[in-house]
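We count residues from 1, following the sequence as given. If you're wondering where the values come from, they're calculated on a predicted model, not measured in any experiment. When reading the values below, keep in mind they use all heavy atoms of this one structure, side chains included, and skip hydrogens, waters and symmetry mates.
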Amino acid sequence: MSKEPVIDSSGNVFADLGFSTEESTLLAMRAELMARLRDTIKQRGWTQQEAAEKLGIGQSRVSDLMRGKWEKFSLDMLITLTTRTGQHVELVVG
């Protein structure tokens, strides 16, 4: 049985999966914001209904967020939701 070679990650799983540089950057940013939002909701002990009230969205949207349905959230919406938790979103260009 031959083993496939191990390839080092570029640091962006989406780029590694073959997405263009532009799209992989946007997808990585969305994934990071979603993960942080989920962590914030869990750390604060919010139910989905409480999170919905605090974020100003429906409970079904919180459910989508918690289940990682990234395709349902634009980068703009994720930034808006993050700021509604009292956090600051900052863009770093490197």
Side-chain angles (χ1 to χ4, degrees):
M1 179 196 272
S2 67
K3 293 184 178 181
E4 290 188 32
V6 175
I7 300 170
D8 288 334
S9 172
S10 67
N12 181 329
V13 67
F14 300 105
D16 296 341
L17 290 171
F19 288 94
S20 70
T21 302
E22 298 83 3
E23 190 168 8
S24 65
T25 299
L26 289 170
L27 290 170
M29 291 172 77
R30 286 167 56 193
E32 176 71 20
L33 284 169
M34 285 189 79
R36 290 190 182 229
L37 280 165
R38 284 193 306 268
D39 288 347
T40 298
I41 290 167
K42 289 176 187 175
Q43 288 171 357
R44 294 182 182 178
W46 293 344
T47 64
Q48 286 190 9
Q49 188 58 44
E50 288 171 327
E53 290 170 12
K54 295 185 186 290
L55 297 175
I57 58 175
Q59 184 273 324
S60 64
R61 296 284 284 156
V62 175
S63 178
D64 290 338
L65 176 71
M66 299 306 287
R67 292 187 295 158
K69 295 198 170 198
W70 57 269
E71 70 279 0
K72 295 195 173 202
F73 294 89
S74 68
L75 184 57
D76 289 357
M77 175 55 87
L78 291 167
I79 290 169
T80 297
L81 296 177
T82 301
T83 59
R84 287 179 182 169
T85 67
Q87 299 178 80
H88 178 74
V89 177
E90 187 173 309
L91 174 65
V92 177
V93 178

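Taking CH2 from W70 and CG from L26, the interatomic distance works out to 11.0 Å, rounded to the nearest 0.5 Å. Atom CG of D39 is separated from atom CZ of R44 by 11.5 Å, given to the nearest 0.5 angstrom. Taking CD from E53 and OG1 from T47, the interatomic distance works out to 7.5 Å, rounded to the nearest 0.5 Å. A distance of 10.0 Å separates CG of L78 from CE of M29, quoted to the nearest 0.5 Å. Atom CD of E32 is separated from atom CG of L37 by 10.5 Å, given to the nearest 0.5 angstrom. In this structure, L65 CG and R67 CZ are separated by 11.0 Å, a value rounded to the nearest 0.5 Å.
Shown here for E71 and R30, the closest heavy-atom pair between the two residues is CA-NH2, 3.5 Å. The shortest heavy-atom contact between A52 and G58 is CB-C, 3.8 Å.
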Checklist entry - Please walk me through it: do M34 and K69 pass side chain to side chain contact (heavy atoms under 4.5 Å, CB included)? => result CA-CA 9 Å; M34 285 189 79; K69 295 198 170 198; 5.5 Å; no

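Using a 4.5 Å heavy-atom cutoff, the side chains of L55 and I41 are in contact. Using a 4.5 Å heavy-atom cutoff, the side chains of T82 and R36 are not in contact. Residues L91 and V93 have side chains in contact (heavy-atom distance under 4.5 Å, counting atoms from C-beta outward). At least one side-chain heavy atom of F73 sits less than 4.5 Å from a side-chain heavy atom of L81.
Using a distance-only test at 3.5 Å, with no hydrogens or angles considered, a donor-acceptor pair links the side chain of R61 to the main chain of K72. No donor-acceptor pair under 3.5 Å is formed between the side chain of E23 and the backbone N or O of S20.
Shown here is R38, whose CZ atom has more than 12 heavy atoms of other residues, nucleotides or ligands within 6.0 Å.
For the residue pair T85 and Q87, a side-chain donor N or O sits within less than 3.5 Å of a side-chain acceptor on the partner. Side chains of Q48 and Q59: a donor-acceptor N/O pair is present below 3.5 angstrom, by distance only.
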